[in-house]
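This one's a predicted model, so the numbers in the text were calculated from it and none came from an experiment.
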Amino acid sequence: MPYSTYLPEHMGAIKLTPPGPFVAGSHAELTLVYTAGTFGIDDTGMVKVSWRTTSDMSKPQFDKPAAANFTTVEASNGAKLEVWFDRLNIRPYANTLLIRVGRGYLRAGDTLTICLGDRRQGSPGYRLQTNCEEKVELKTSIDAFATYEFCELPQQPCFDLIAGPAAHWKAIWPSLVVTGEPFRLAIVAEDMWGNPTEDAEQILTLVPSRPIRGLPERVTIKRGEGPRVIENLLVDAAGDIDLSLMADGAMLARANPLRVVASAPLRRYWADLHGQSGETIGMGSAEAYFRYARDKAFIDMVGHQGNDFQITDAFWVKLNQLTKEFDAPGRFVCLPGYEWSGNTGMGGDRNIFFRREGRPIRRSSHILVEGQTSTDAIYTADELFRALAGEDAVVIAHVGGRYADLKYAHDGKLETTVEVHSTWGTFEWLLHDAFEKGYRVGVVCHSDDHKGRPGATKPGASTFGAIGGLSCYFMPELTRDALFEALRKRRHYGTTGTRLFLDLVGTFERDVTGFSADPQLAPTQEFAVREARMGDIIRPGRVPMRLKIEVTGTAPIDRVDVLHGTRVAQIVRPFAAADLGRRVRVLWQGAEYRGRGRETMWQGKLTMSGNRIARFAPVNFLNPERKVVETAPGSALAWTSVTTGNLAGIDLWLDEVRGGMLKIETNIVSGEIDLSKLADEIAVFNGGGLGRQISVYRLPEQDWSRRVTVDHSVTFQGGADLPVYVRVTQSDGHQAWSSPIYLIE
């Protein structure tokens, strides 16, 4: 009888106790009992227990019984077992506990008892995945005949993960509203890992800076309730509004900046167009993904970008059905699309968006899609652009595991923008690649979410070192047509996940030439203009452009950089040298290189002599398990941190304004600073790699302005394009980038 006749029901069974649910990110003791099936397991046969590639559930360890994640495996018949962990399984279940039966075997009915987080010798347990998910599967496969031919069991153990108690609060409302038009406020409680939670009980006092009709003075949040949404708020007069959530005299959260205007031809809508669900390499269902974006992250627009080589024809049909069902013009925009995931050497990752459903998916390969498919594979990015030439589509170049190689292929009619930040990190170099080649692209930031949290992605406990990004799109209305127009005209800016308010307008003292589309690509209409905004292409001649920049942050503004291409032309900081005091910032940033494994793991320590550290605070430490530790009171700190192109650091408040030697030692770069000589400049230590460095500089002791305005003048000298744009850095480590205004010959 063929081997396959016995599969899989004869391969045994496995049971998990306790069955859950568990709190996401908590420590638990999970016991799995596998009972051998009809054939048992032969000498050197194996069991594999696997979980999702993108899960940040801890790695088991086998030699420290009192430490977290201690794992044991015992055979009921005393067979000798080899046990280890590796990322050794087929995507999307790479994380694998491997058990080899040796010097013995299992008969039918013999058992293996696997204890993840065995607490018998003092371990606190096994640290679970930090994001909530229904049915976290521990996929178990059996090699009963010692042939390395594995069979998945018919019933797999799984458990639910739920949110923990409230640790943070959010207040979310629009960035721009018109007087007399209704809008809403969403109040969200999150646990320590960023999961929206119902485990919250709080009386909140809502304190606006100006009157808002319909806004209650207090809101009572009861346990078991989800996010609180207050509808039909109205403001009667133009101006900017702040809102604070207060409890017991302390501020729990501040809403994003809100501007009220008398009229607005272009509104501001927030989007996360890039992420994927559990049908590919993410987590949770696609339906849950869209509901999260709409009902928990409170973004205006979302896209779904599953890896093409995991999207079956059936799922492509389902995905198109879902985007059509969730798309509600005027309330919520949902875009159909996919991620073309070509190998790096063949062009790298591209996000493909369609204006309408029903368009064909052109995969980069069929490696994980079995059977006949509706379309043939397209292996290179240049072939992809040719295939999309007749489509009503937009392409965004992005960096994930693979990165988009703009030098290999680019089509300016389709690929109108680049993604410079996601939860994979920060990638300004992708924009610089476009400048080098003379491409005219805009800037977006999205999440590339894999955790079922589009629009509000946190890095969790993995080596992901960044919060997922968001983009603000300038659109006359909330529709797909308006979004496509904004993408094609580059009318948007991107942030590292914060909803700061950014505007820039270029004005000219007399008429210059503007273009309705990129004149590089096709004949296009020319017209006379005296004003330019993000994404515009202008032929100014020698007429100077006066750039007016306005930023209102969600935290104090550290700096605003005005850039001409890759060159910083002006730096503006909202404080003067006289405002600097006892506060010193130590900041590190950068990545290893462009591809996979780009994360830089910082192991650092600093010591202070000749002065004393009165207190300290981490900056942009996004993983609760990575902390700054005081190793000697007032004089020494140590930390572990991860950056993937973004930045993190520590603020020090010293006893004395001047004086003292600050010594910094890390595994990447080290240096020493005489603080008596550090005035208002920035000391930089270069760490190699991709923009890796440590910076040390002074800041005001107390928080300062969240609002900055900049006047900048530039006269185009001719020759190559001059992209003029802005990078904003907040004191909390968040950043933002405008799309450039392109000055051309």
Side-chain angles (χ1 to χ4, degrees), residues 53-54 91-92 272-277 279-282 303-311 316 319 335-354 361-369 377-388 391 393-412 414-434 437 439 441-450 454 457 464 466 468-469 471 487 494 591 593-599 644-645 690:
T53 305
T54 53
R91 177 187 177 110
D272 180 2
L273 301 183
H274 180 194
Q276 55 183 307
S277 55
E279 289 88 348
T280 49
I281 201 171
H304 186 287
Q305 291 285 302
N307 294 109
D308 57 6
F309 56 74
Q310 287 183 260
I311 298 177
W316 182 238
L319 194 57
L335 274 187
Y338 66 95
E339 180 182 296
W340 186 84
S341 305
N343 281 356
T344 310
M346 305 176 89
D349 285 354
R350 261 63 180 207
N351 295 133
I352 315 297
F353 300 95
F354 297 109
I361 178 171
R362 297 171 172 89
R363 300 174 181 86
S364 58
S365 75
H366 292 161
I367 190 64
L368 293 178
V369 178
I378 292 178
Y379 298 111
T380 65
D382 50 349
E383 291 180 85
L384 172 72
F385 290 130
R386 286 194 291 272
L388 290 174
E391 292 282 1
V394 171
V395 178
I396 297 177
H398 98 93
V399 179
R402 296 159 295 272
Y403 65 86
D405 187 351
L406 297 178
K407 298 177 182 180
Y408 178 92
H410 171 73
D411 185 319
L414 289 163
E415 195 168 64
T416 59
T417 193
V418 298
E419 187 179 88
V420 304
H421 176 88
S422 72
T423 194
W424 287 86
T426 299
F427 317 106
E428 286 186 69
W429 53 263
L430 188 62
L431 182 62
H432 298 169
D433 281 359
K437 297 294 291 184
Y439 304 149
V441 296
V443 174
V444 294
C445 302
H446 298 130
S447 72
D448 199 359
D449 173 74
H450 290 15
T457 302
F464 282 81
S471 287
L487 280 165
Y593 75 118
R594 293 186 172 206
R596 283 192 174 96
R598 67 179 62 89
E599 60 270 12
T644 47
L690 195 61

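Inter-residue side-chain proximity for Asp433 and Lys437 is flagged as unmet; no heavy-atom pair is nearer than 4.5 Å. A heavy-atom distance below 4.5 Å is found between the side chains of Val369 and Arg363. Here the side chains of Ile361 and Ile311 are in contact, with some heavy-atom distance below 4.5 Å. Side-chain contact between Arg598 and Val399 is present, with at least one heavy-atom pair separated by less than 4.5 Å.
Nearest heavy atom pair, residue Leu406 against residue Glu415, reads CD2-OE1, 3.4 Å. Between Gln305 and Glu339, the closest heavy-atom pair is OE1-N, 3.4 Å. Smallest separation of non-hydrogen atoms from Ala404 and Ala397: CB-CB, 3.7 Å. Shortest non-hydrogen contact noted between Thr416 and Leu487 is OG1-O, 3.0 Å. Contact detail for Ser341 and Arg402: the closest heavy-atom pair is CB-NH2, 3.4 Å. Taking all atoms of both residues into account, the shortest heavy-atom contact from Gly347 to Ala381 is CA-CB, 3.8 Å.
Judged by distance alone, the side chain of Thr417 and the main-chain N or O of Val441 form no donor-acceptor pair under 3.5 Å. No donor-acceptor pair closer than 3.5 Å links the side chain of Ser471 to the backbone N or O of Gly494. Within the 3.5 Å criterion, the main-chain N or O of Thr457 finds no donor-acceptor partner in the side chain of Asp449. The closest donor-acceptor contact from the side chain of Ser422 to the backbone of Gly468 lies at 3.5 Å or more, if one exists at all. With hydrogens and angles ignored, the 3.5 Å screen pairs no side-chain donor or acceptor of Glu391 with any backbone N or O of Phe354. For the pair Trp340 (side chain) and Ile378 (backbone), a donor-acceptor distance under 3.5 Å is present.
More than 12 heavy atoms of other residues, nucleotides or ligands lie within 6.0 Å of OH in Tyr593, so this atom counts as buried by the packing criterion.
Ring orientation note: the planes of Tyr338 and Trp316 are nearly perpendicular, at an angle over 60° on the 30°/60° scale.
In this structure, a donor-acceptor pair under 3.5 Å is absent between the side chains of Thr280 and Asn307.
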